[in-house]
Amino acid sequence: EIMPSLVGSEMCIRDSLSRLAILYPSNATGKTMSEIFHQRAAALGARIIRKSSYPSDATDFGRQIRALGGMTDQEVERVREANERRGKKSTQIPNIPFEGLFIPDVAAQAALIIPGLGFYNIRGIHLLGISGWNSNEIIALAKKEVEGAYFVGGYSQLSPTARRARFARDFQRAFSELPSKISALSYDSMRFLLAGIRKSGNNRTALRKLLSKNQGFDGVTGNFRIDSTGAARRNLPIMTINNGTVSYTHLTLPTILLV
C-alpha cells in the first residue's frame, strides 16, 4: 500500500507550506499516516500547528473541526461584535493558523469531512489527501469543496510506454478486462523475482543479496528499487482536482510501496 503521507511533504516544498494541520481517523492506519506525515513535514522545516482525530466510523466532525480553529457563522459574528465593543481592529475571523490540512482517509469519509470545513469557516487552505482520493468518487461527493486538493496518483496515471501498452493488451486478451493496480504490481513483482532467481542460480542467500542491492528495475508500474528495509521505492505522479476533474500536476513523488 502506498505511504501517501509523503504527498504532503512534497507540497510543502512546492507551495512553501510551513504551517500544517492534520485531521485523521483514530484507527491504526490513520495514526501511522499522521505520524509519518508529521515526521516528514518536520524534516522539511514545516510545523504541525494543530492535530485532531475522529472515530473511523464518525459521521459528525464538528468537534474535531472546531479543534482546528473552525467557527460557525453565529460564533464569528459574536466574536466580531465583542471585538468592536472593545475597540479592537477587525481581523480575519476565525484566524486559521495553518496553510495546509492533511486528511489521511478514504474518499467517501473525506467527502463527509471537507464540506464541514467551509461550514465552520475554514477556507483558503490546501487540502492534502491520500491515494484513495484518486477517483471520481470524492468529486461526486464533495464537489467544488475538493477543488485544488493534492494526492498521489497510481498505475493508471503513469505516462504511456510501449511496455505498459503491451502488458495492458495481453492482460485484456487473457482476462477480458484491463489490469488493475494490484495486477500490475503483481506482474512486476513476479518478473523482478524471476529475474533475480535466474541471476542467483536458484540460491536463496544469493537471491536475497541480489534483490537488496538492485538499484533499478524497469517494470510496467515504473522504475523501482528495493531499500534496506525490504520496501520498494518508486516515483508516482502527484494529481490535483482542477475544474472538477482529476488532473496531472506534472510532478512526481518518491513513494514507498511495501511488498
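Note that the numbering runs from 1 along the sequence shown for the chain.
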Peer 1: Once rounded to the nearest 0.5 Å, what's the spacing between atom CZ of R204 and atom CD1 of I197?
Peer 2: 10.5 Å
Peer 1: Going from CG on L210 to CG on N203, what distance comes out if it is rounded to the nearest 0.5 angstrom?
Peer 2: 10.5 Å
Peer 1: Might you point out which heavy atoms bring R164 and G219 nearest each other, and give the distance in Å?
Peer 2: NH2-O, 4.4 Å
Peer 1: Is the shortest heavy-atom distance from the side chain of P25 to the side chain of S53 under 4.5 Å?
Peer 2: no
Peer 1: Can you run down the ring pair (Phe, Tyr, Trp, His ring centres under 6.0 Å) pairs that involve residues 55-82, sequence neighbours left out, and say none if there aren't any?
Peer 2: Y54-F61
Peer 1: Specify the closest pair of heavy atoms between L178 and Q172, including all atoms of both residues, with the distance to one decimal.
Peer 2: CD2-OE1, 3.6 Å
Peer 1: Within a radius of less than 6.0 Å around CZ of R169, do more than 12 heavy atoms belonging to other residues, nucleotides or ligands occur?
Peer 2: yes
Peer 1: Nearest 0.5 Å, please: how far is CG in L101 from CD1 in I113?
Peer 2: 8.5 Å
Peer 1: Looking only at the side chains, is there a donor atom on one of T32 and T29 sitting less than 3.5 Å from an acceptor on the other?
Peer 2: no
Peer 1: Quick one, L127 and F102 - any side-chain contact, counting heavy atoms below 4.5 Å?
Peer 2: no
Peer 1: Can you find a heavy atom in the side chain of P55 that is under 4.5 Å from one in the side chain of Q64?
Peer 2: yes
Peer 1: Answer whether the closest heavy-atom distance between the side chains of K51 and S34 falls below 4.5 Å.
Peer 2: yes
Peer 1: Do V106 and I114 belong to the same hydrophobic cluster, where Ile, Leu, Val, Met, Phe, Trp and Tyr are linked whenever their side-chain heavy atoms lie under 4.5 Å apart, directly or via other members?
Peer 2: no
Peer 1: Same cluster or not: are V220 and F175 linked, directly or through other Ile, Leu, Val, Met, Phe, Trp or Tyr residues, by side-chain heavy atoms under 4.5 angstrom apart?
Peer 2: yes
Peer 1: Given M33 and Y24, is the side-chain contact (heavy atoms from CB on, under 4.5 Å) satisfied, shown in steps?
Peer 2: CA-CA 8 Å; M33 290 185 181; Y24 64 98; over 6 Å; no
Peer 1: Where do F151 and I130 come nearest, in terms of heavy atoms and distance?
Peer 2: CB-O, 3.3 Å
Peer 1: As an exercise, state the distance from CD1 of I103 to CZ of F37, rounded to the nearest 0.5 Å.
Peer 2: 11.0 Å
Peer 1: Check whether W133 reaches the backbone of D105 with its side chain - one donor and one acceptor, N or O, closer than 3.5 Å.
Peer 2: yes
Peer 1: Got a second to check how far K31's NZ is from I36's CD1, nearest 0.5 Å?
Peer 2: 14.5 Å
Peer 1: Hey, does the side chain of S200 reach the backbone of G196 with a donor-acceptor pair shorter than 3.5 angstrom?
Peer 2: yes
Peer 1: Are L141 and L117 connected into the same hydrophobic cluster when the rule is that any two of I, L, V, M, F, W, Y join if their side-chain heavy atoms are below 4.5 Å apart?
Peer 2: no
Peer 1: For A140, is there any backbone N or O sitting under 3.5 Å from a side-chain donor or acceptor partner on K143?
Peer 2: yes
Peer 1: Residues two or more places apart in sequence or in another chain: which of them pass ring-ring contact (aromatic ring centres under 6.0 Å, His included) with Y187?
Peer 2: F167
Peer 1: Any salt bridge linking R78 with E81? Criterion: basic side-chain nitrogen under 4.0 Å from a carboxylate oxygen.
Peer 2: no
Peer 1: Passes side-chain contact (heavy atoms from CB on, under 4.5 Å), E177 versus F171? Steps please.
Peer 2: CA-CA 7 Å; E177 62 182 17; F171 188 96; 4.1 Å; yes
Peer 1: Keeping R50 on the side-chain end and A21 on the backbone end, is there a donor-acceptor pair under 3.5 Å?
Peer 2: no
Peer 1: Out of T72, D73, I96, which one pairs with Y120 under the side chain to side chain contact (heavy atoms under 4.5 Å, CB included) rule?
Peer 2: T72
Peer 1: Has Q109 got a side-chain atom pairing as donor or acceptor with A58's backbone, closer than 3.5 angstrom?
Peer 2: yes
Peer 1: Measure the spacing between OG of S186 and CZ of R191 and express it to the nearest 0.5 Å.
Peer 2: 13.5 Å
Peer 1: Judged by atom type as modelled, is there a donor-acceptor pair below 3.5 Å linking the side chain of E99 to the main-chain atoms of R19?
Peer 2: yes
Peer 1: Taking the side chain as every heavy atom from C-beta outward, state whether N83 and R80 have any atom pair closer than 4.5 Å.
Peer 2: no
Peer 1: Looking only at side-chain N and O atoms, does R123 offer a donor or acceptor that is under 3.5 Å from a partner on N121?
Peer 2: yes
Peer 1: Would the number of heavy atoms belonging to other residues, nucleotides or ligands and lying under 6.0 Å from CZ of R47 be above 12?
Peer 2: no
Peer 1: Return all side-chain donor-acceptor pairs below 3.5 angstrom for residues 237-245, not counting sequence neighbours, or 'none' if the list is empty.
Peer 2:
residue : atom : partner : partner atom : Å
T240    : OG1  : A149    : O            : 2.8
T245    : OG1  : N242    : O            : 3.0

